[in-house]
Amino acid sequence: MRGRELRGELDAFLAETEQDLVAFRRDLHMHPELAFAEYRTTQRIAERLTAAGLAPSVLPRGTGLICDVGSGDGPTIALRADIDALPLQDEKDVAYHSTVAGACHACGHDVHTTILLGTSLFLAQQAAAGLLPGRVRLIFQPAEELPGGALEVMAHGGISGVDRIFGLHCDPRVDVGQVGLRNGPITSACDKLSIRVSGPGGHTARPHLTADLVFALAKILTELPAALSRRVDPRSSLSLVWGKVVAGSAANAIPDDGIAEGTVRCLDENAWHAAPDLIKSLLESVAGAYGVEATMDYTRGVPPVVNDEVSVEMLSEAAERALGAGAVVPTQQSLGGEDFAWYLESIPGAFARLGTRSPDGYTYDIHQGTFDVDEKAISMGVRVMATTALTALWEVGPLDSITSALA
Ligand SMILES: [Zn+2]
Ligand SMILES: [Zn+2]
């Protein structure tokens with residue numbers, strides 16, 4: 001049975017390459033590059049893939065790349081890693097700390113990149129031995145933190161022809177050797193809302209002759225979140241929270257405009273899609289009641305990552321096969337955003353949380369200058385990603401042909 005042999009093949013591959021992969025990760029860690037500026041990182045990945053006989057295709061901006069392994073026949077499975085760093089200071093006291101002031105791999109994307117590189121090298125060996133029953137598309141995605149890199153990849157055909165996609169993210173609250181998984185939404189949506197209210201303005205002695213703009217704005221600030229909570233399913237946890245309000249300059253003058261800005265967070269995909277129109281209609285009705293004009297600027301962040309059940313099953317089966325029984329642990333939906341969500345709006349797939357905490361070790365947090373991982377997570381990640389791709393290739397063909405035959 002291929003499943004059992006695969007584990008032995010991965011053992012042999014990692015015995016040879018694990019140290020090299022750790023060195024690769026440390027090199028990336030020392031040279032972090034921000035969103036859409038990952039030129040060096042992209043070149044490093046491309047060099048290694050080319051040396052393994054693969055043909056990477058760098059995206060037009062020069063950051064991020066796509067590379068196929070295996071033949072065009074049979075199903076195509078995509079594996080995605082994000083490659084960008086964060087604009088914050090590295091505070092770690094380690095030999096491989098960032099050499100770039102104000103830039104740090106504090107979200108573990110150096111680890112994701114290294115895991116996908118290791119997986120690529122292993123799959124290239126499998127393909128050369130005639131053991132890859134289809135094609136694997138490797139996506140080294142730029143600019144996850146912006147976010148927007150996923151859309152850049154998709155705009156250049158990154159997932160066209162792909163049957164399923166898988167990705168993972170470091171989770172410092174899960175022990176190394178374990179993988180957190182969840183059916184359905186695993187991250188949340190987060191958007192920005194900015195509104196501008198305008199009216200004639202005037203003296204505070206005569207609010208009835210103008211529009212009492214500050215009063216109207218105050219009504220909008222309280223009424224909008226309240227009305228919203230009564231118009232959507234409470235289980236979607238759609239919440240609007242203001243962070244900035246500006247209006248007026250004198251105690252006795254009604255201003256002629258004012259602004260309010262906030263964020264909209266949401267656990268549910270349907271509620272997220274409906275949110276802008278709903279907020280706009282509520283805003284217009286509250287503003288209209290007080291005779292002021294209101295305009296809204298709604299900036300989409302990312303939708304929630306919604307894991308597909310069949311893909312979760314494949315990933316779960318693969319993780320247990322690769323890391324042993326009991327390696328998969330349940331995880332909660334986080335309120336954070338992740339642009340992997342854009343791929344899952346188009347094709348099925350699953351996103352997992354890879355444990356990076358040393359057992360009984362310190363629990364780090366991501367997006368902190370102190371963030372670091374137990375580097376054993378790299379080989380664990382390679383095992384999970386490679387086994388997932390192969391499991392999906394073994395299973396996706398018949399499954400999809402059955403589905404399309406039924407459709
Ligand atoms: Zn991040
Ligand atoms: Zn991240």
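For ligands, and for the atoms within them, numbers begin at 1 and follow the listed sequence.
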**Message:** Can you classify the ring geometry of H109 versus H105 as parallel (below 30°), tilted (30 to 60°) or perpendicular (above 60°)?
**Reply:** tilted
**Prompt:** Quick one: is the NZ or CZ of R300 closer than 6.0 Å to the six-membered ring centre of W272, and within 45° of its axis?
**Reply:** yes
**Asked** Is the distance between the Zn ion (ligand 2) and the nearest N/O/S atom of C107 smaller than 2.8 Å?
**Response** yes
**Prompt:** Is E144 close enough to the Zn ion (ligand 1) to have an N, O or S atom under 2.8 Å?
**Reply:** no
**Message:** K92 vs D372, test: salt bridge (Lys or Arg N to Asp or Glu O under 4.0 Å). Steps then yes/no.
**Reply:** CA-CA 8 Å; K92 295 187 300 298; D372 206 351; 5.2 Å; no
**Request:** Would you mind naming the N, O or S atom of H367 nearest to the Zn ion (ligand 1)?
**Result:** NE2
**Message:** What is the name of the N/O/S atom of E145 that is nearest to the Zn ion (ligand 1)?
**Reply:** OE2
**Message:** Looking only at the side chains, is there a donor atom on one of Y96 and E375 sitting less than 3.5 Å from an acceptor on the other?
**Reply:** no
**Prompt:** Looking at Q368 and L88, what are the two nearest heavy atoms and their distance?
**Reply:** C-CD1, 4.0 Å
**Asked** With the Zn ion (ligand 2) as the point of reference, which N/O/S atom of H109 is the closest?
**Response** NE2
